[in-house]
Amino acid sequence: MYRFFNKGITVPEIRRYSLRFFYDMKKYFPYAVRAAKADLKAEVSNSFLDWMWWLIEPFCMMLIYTVMFGIVFDASEQYFPIFIFIGITMWSFFTRGITGSVEMVRVNRGIVTRIYLPKYILLFSKLMVNGFKMLVSFAVIAVMLVVFRVKITGSILAMLPILAILFLITFGIGSILMHYGVYVNDLSYITGILLTMMMYLTGTFYDIGKRIPEPFGPILEKSNPIAFLIAEMRNALLYGQILDWKLLFGWCAISVLFVWIGVVIIYRNENSYVKVI
């Protein structure tokens with residue numbers, strides 16, 4: 001990262017890289033879609049339950065954590081099964097994207113060494129796969145909202161920008177880690193440890209803003225983008241609360257910045273990836 005900023009970025013470079021990014025995304029988007037569809041088909045091709053696993057896995061995790069935190073630890077959050085399902089669904093998307101990004105270039109060595117495509121397209125395609133699974137889980141959440149008779153308000157429309165920001169920040173951080181994963185073999189282990197620590201500081205299983213004493217709980221919730229997005233999604237779907245739009249726009253801007261940094265780093269260094277892997 002230091003080398004990236006130390007090289008400096010000029011205004012012409014900003015314009016050139018930005019235009020190149022939009023051109024490449026338009027050009028290679030059909031490839032990303034086809035690759036995502038192929039991955040989804042391959043994932044369930046030899047499975048007896050086929051695509052049902054995309055529902056069974058998160059649903060079983062929801063049941064396990066509902067029993068553990070709702071009964072054993074006496075969680076008091078309203079609509080707790082949906083509350084925890086939202087957290088698991090969004091956290092799973094983020095952690096799968098970040099974990100997969102670290103070894104993305106090495107895993108796709110056969111593609112990288114044979115044809116040219118912007119390397120971040122590989123990550124984008126994988127996020128489309130994970131995003132589809134996340135939408136399947138949100139379809140289950142929609143059914144649960146009806147079953148639990150949750151009052152639906154206009155704030156439910158906020159789920160779209162929340163999911164968009166979640167995608168952007170995962171893509172941005174993943175692009176940066178994707179680059180360094182080419183050169184640092186141990187990065188996957190480090191990332192796994194950090195994600196485990198981060199999971200318990202994200203409020204996946206509890207309301208981090210209320211469970212941790214003030215002022216640390218609210219500060220931790222707002223300074224952790226995933227914790228903040230999960231909390232805002234719960235407020236939008238379950239409690240009909242007014243969202244913190246200023247902070248949402250702030251994290252959206254930061255996410256775009258992460259994406260831009262990651263894309264520029266990859267553009268500057270992608271020709272050397274083949275030599276390393």
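Numbering of residues begins at 1 and proceeds along the displayed sequence.
The only member of Arg106, Lys119, His179 that meets side chain to side chain donor-acceptor pair (under 3.5 Å) when paired with Tyr273 is His179. Residue Ile86 forms a side-chain contact (heavy atoms from CB on, under 4.5 Å) with just one option from Ile88, Thr89, Ile82, and that option is Ile82.
Across every non-hydrogen atom of Leu237 and Val150, the tightest pair is O-CG1, 3.6 Å. The minimum heavy-atom distance between Phe228 and Asp244, with the atom names listed, is CZ-O, 3.9 Å. The two residues Ile176 and Ile261 have their closest heavy-atom pair at CD1-CG2, 4.1 Å. The minimum heavy-atom distance linking Gly240 with Ser155 is given by the pair CA-OG, 3.4 Å. In this structure, Pro215 and Ile219 approach most closely via the heavy-atom pair O-CG1, 3.0 Å. Here the closest non-hydrogen pair linking Ala158 and Ala236 is CB-CB, 4.3 Å.
Atom CZ of Arg109 has 12 or fewer heavy atoms from other residues, nucleotides or ligands within 6.0 Å. Within a 6.0 Å radius of CZ in Phe138, other residues, nucleotides and ligands contribute more than 12 heavy atoms. Around atom CG of Leu160, more than 12 heavy atoms belonging to other residues, nucleotides or ligands sit under 6.0 Å away.
Relative ring orientation between Tyr17 and Tyr267 is described as parallel, the plane-to-plane angle staying below 30° on a 0-90° scale split at 30° and 60°. The aromatic rings of Phe80 and Phe83 sit parallel to each other, their planes meeting at less than 30°, with 60° as the upper class boundary.
Within the 4.5 Å cutoff, the side chain of Leu247 has heavy atoms near those of the Lys222 side chain.
For Tyr183 and Ser272, the side-chain atoms include at least one donor-acceptor pair closer than 3.5 Å. Side chains of Glu270 and Tyr116: a donor-acceptor N/O pair is present below 3.5 angstrom, by distance only.
Under the side-chain hydrogen bond (donor to acceptor under 3.5 Å, both in side chains) criterion, Asn224 pairs with Thr202, not counting sequence neighbours.
Between Phe167 atom CZ and Leu127 atom CG the span is 4.5 Å, to the nearest 0.5 Å.
A donor-acceptor distance shorter than 3.5 angstrom exists from the side chain of Arg114 to the backbone of Gly110, with no hydrogens or angles considered.
Cluster annotation: Val182 and Ile115 are assigned to the same hydrophobic cluster (Ile/Leu/Val/Met/Phe/Trp/Tyr, side-chain heavy-atom contacts under 4.5 Å, transitive).
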